[in-house]
Each structure stands twice: as C-alpha cells, then as structure tokens.
Amino acid sequence: MPLYCAQVFDADQQGAEYWAAGCPANDPRAEFWKRRSHCYDLVLDSLSNFEELAKAGSSTSDDLEAARTHAYSLAFASEDEMFHSTLYEWLIERGLADELLEMRPVYLEAHLRREPITVQKYQLLWQFYVKDGQPLRAAEVLGALADSTE
C-alpha cells in the first residue's frame with residue numbers, strides 16, 4: 001500500500017526527477033520527493049517489524065517467516081527505482097550487503113554508481129561485477145579505488 005501511495009503522491013514524477021537530478025538545493029520538487037520518502041519509510045518500518053517478529057519466534061513462526069518472505073518479495077517486485085535505492089541502502093546499513101550481492105537485483109548497479117560515490121559503494125560494485133561475470137568492469141572499479149585518495 002505505501003508503494004502505491006508513493007506513486008499517487010508523485011503522479012507527475014516530480015519527486016523522482018528531483019532524486020534523479022541528485023536532489024539539488026532549493027528545488028521545489030523536493031516536497032514530492034519527501035512525500036515519496038515517507039511512504040518508503042513505512043515499507044522499511046514494516047520490513048523491520050517482520051524481521052523482529054520472525055527473530056522472536058513463536059508457535060506461528062512458520063507463518064511469520066512466510067509473511068516476512070512475502071513482504072520482501074513485494075518490495076523487490078516494485079518497479080520504483082527510487083524505492084529500490086532506498087531499500088538497498090537500508091539493507092546495506094543492516095549488514096546484508098552479501099545477501100544483496102547474491103540476489104543481484106535489477107537496480108543494484110545503478111544504486112552503487114549513484115552519487116555520492118563512496119568507497120563502500122565501490123567495494124560492493126566491484127564485487128557485484130565479479131558475481132555478474134564482468135571481471136573487466138570489476139578491475140576498472142578496483143583501479144578507481146586504487147587511484148582514490150580515500
């Protein structure tokens with residue numbers, strides 16, 4: 001439901017355009033981006049709750065695991081690139097980067113190349129290319145890391 005609301009709140013895609021432009025300062029489209037972002041926060045909060053309930057365990061833990069799995073399936077089925085980027089960042093912050101790399105979801109490469117470029121993103125990007133069978137691209141990213149001052 002929140003992902004649908006995000007689309008409705010930004011029907012003209014102004015928030016998505018703002019995000020794609022790198023979130024420039026003093027841009028009136030920021031309000032649409034914020035509305036979408038609040039919807040994404042609801043999704044992530046729901047996923048967090050499913051995680052906590054599944055960890056707590058109970059006699060209905062199979063049902064809880066099924067609900068958690070279904071919630072993640074719905075999240076990954078979204079075609080909203082901005083949401084995917086938010087989801088990937090959330091998963092990385094939760095220490096699930098390896099699982100994310102194994103899945104190689106559709107927008108992951110774009111997310112890892114998105115500004116601001118960080119060492120952490122580039123570390124994941126070269127690993128993504130290795131898992132995706134693109135050793136030359138992995139080497140290019142490693143070269144960029146070697147040349148960086150960070």
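- With hydrophobic clusters built from ILVMFWY side chains whose heavy atoms lie under 4.5 angstrom apart, L42 does not share a cluster with M1.
- Minimum interatomic distance between L47 and W90 (heavy atoms only, all atoms of both residues): CB-CH2, 3.7 Å.
- Residues S48 and R94 have side chains in contact (heavy-atom distance under 4.5 Å, counting atoms from C-beta outward).
- By the rule that hydrophobic residues join a cluster once side-chain heavy atoms approach within less than 4.5 Å of another member, L101 and L87 end up as members of one cluster.
- For W33, there are no side-chain hydrogen bond (donor to acceptor under 3.5 Å, both in side chains) partners at least two apart in sequence or on another chain.
- The hydrophobic cluster containing V8 also includes Y4, under a criterion of side-chain heavy atoms closer than 4.5 Å among ILVMFWY residues, counted directly or through chains of members.
- Going from atom CG of D98 over to atom CD1 of I92 covers 10.5 Å, rounded to the nearest 0.5 Å.
- Apart from F50 itself, the hydrophobic cluster it occupies contains nothing, where clustering links Ile, Leu, Val, Met, Phe, Trp and Tyr at side-chain heavy-atom distances under 4.5 Å.
- Residues satisfying the side-chain hydrogen bond (donor to acceptor under 3.5 Å, both in side chains) test with E99, not counting sequence neighbours, are none.
- Under the rule for a salt bridge (charged side-chain N to carboxylate O under 4.0 Å, His left out), the partners of R137 that lie at least two apart in sequence or sit in another chain are E109.
- The two residues H84 and S78 make their nearest non-hydrogen contact at NE2-O, 2.5 Å.
- Partners of S85 according to the side-chain hydrogen bond (donor to acceptor under 3.5 Å, both in side chains) rule, which considers only residues two or more places apart in sequence or in another chain, are H111.
- Once rounded to the nearest 0.5 Å, the distance linking CG of L44 with CG of N49 reads 11.0 Å.
- Taken together through direct or relayed side-chain contacts under 4.5 Å among Ile, Leu, Val, Met, Phe, Trp and Tyr, M82 and F32 form parts of separate hydrophobic clusters.
- When every heavy atom of L100 is checked against every heavy atom of L91, the shortest pair comes out as CD1-CD1, 4.0 Å.
- Of the possible polar contacts, one joining the Y107 side chain to the E79 backbone as a donor-acceptor pair under 3.5 Å is found.
- Contact of the K121 side chain with the E89 side chain is registered, since non-hydrogen atoms from C-beta on lie closer than 4.5 Å.
- Residues L112 and F128 approach most closely at CD1-CB, 4.4 Å, considering heavy atoms.
- Atom CZ of R35 is separated from atom SG of C5 by 12.0 Å, given to the nearest 0.5 angstrom.
- Summarising the geometry of V119 relative to L145, their closest heavy-atom pair is CG1-CD2, 4.1 Å, with the distance given to 0.1 Å.
- By the side chain to side chain contact (heavy atoms under 4.5 Å, CB included) test, V106 is found to be paired with no residue, residues two or more places apart in sequence or in another chain being considered.
- Every pair passing side-chain hydrogen bond (donor to acceptor under 3.5 Å, both in side chains) that includes a residue from residues 6-19 is listed here, sequence neighbours excluded: Q7-D80, D10-R36.
- Hydrophobic clustering (ILVMFWY, side-chain heavy atoms < 4.5 Å, transitive): I117 and Y129 are in one cluster.
- Note: E31 CD to F9 CZ = 11.0 Å, rounded to the nearest 0.5 Å.
- To the nearest 0.5 angstrom, E115 atom CD is 11.5 Å from C23 atom SG.
- Every pair passing salt bridge (charged side-chain N to carboxylate O under 4.0 Å, His left out) that includes a residue from residues 126-136 is listed here, sequence neighbours excluded: E102-K131, R104-D132.
- Residues that satisfy the side-chain hydrogen bond (donor to acceptor under 3.5 Å, both in side chains) test with Q120, not counting sequence neighbours, are absent from this structure.
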Enumerate, atom names and distances included, each donor-acceptor pair closer than 3.5 Å involving a side-chain atom of residues 70-77, sequence neighbours excluded.
{"from": "Y72", "atom 1": "OH", "to": "E51", "atom 2": "OE2", "distance (Å)": "2.7"}
{"from": "S73", "atom 1": "OG", "to": "T69", "atom 2": "O", "distance (Å)": "3.0"}

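- For D27, the salt bridge (charged side-chain N to carboxylate O under 4.0 Å, His left out) partners at least two apart in sequence or on another chain are R29.
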Practice item. Could you walk me through whether T86 and V43 pass the side-chain contact (heavy atoms from CB on, under 4.5 Å) test, one step at a time? Key: CA-CA 10 Å; T86 303; V43 174; over 6 Å; no
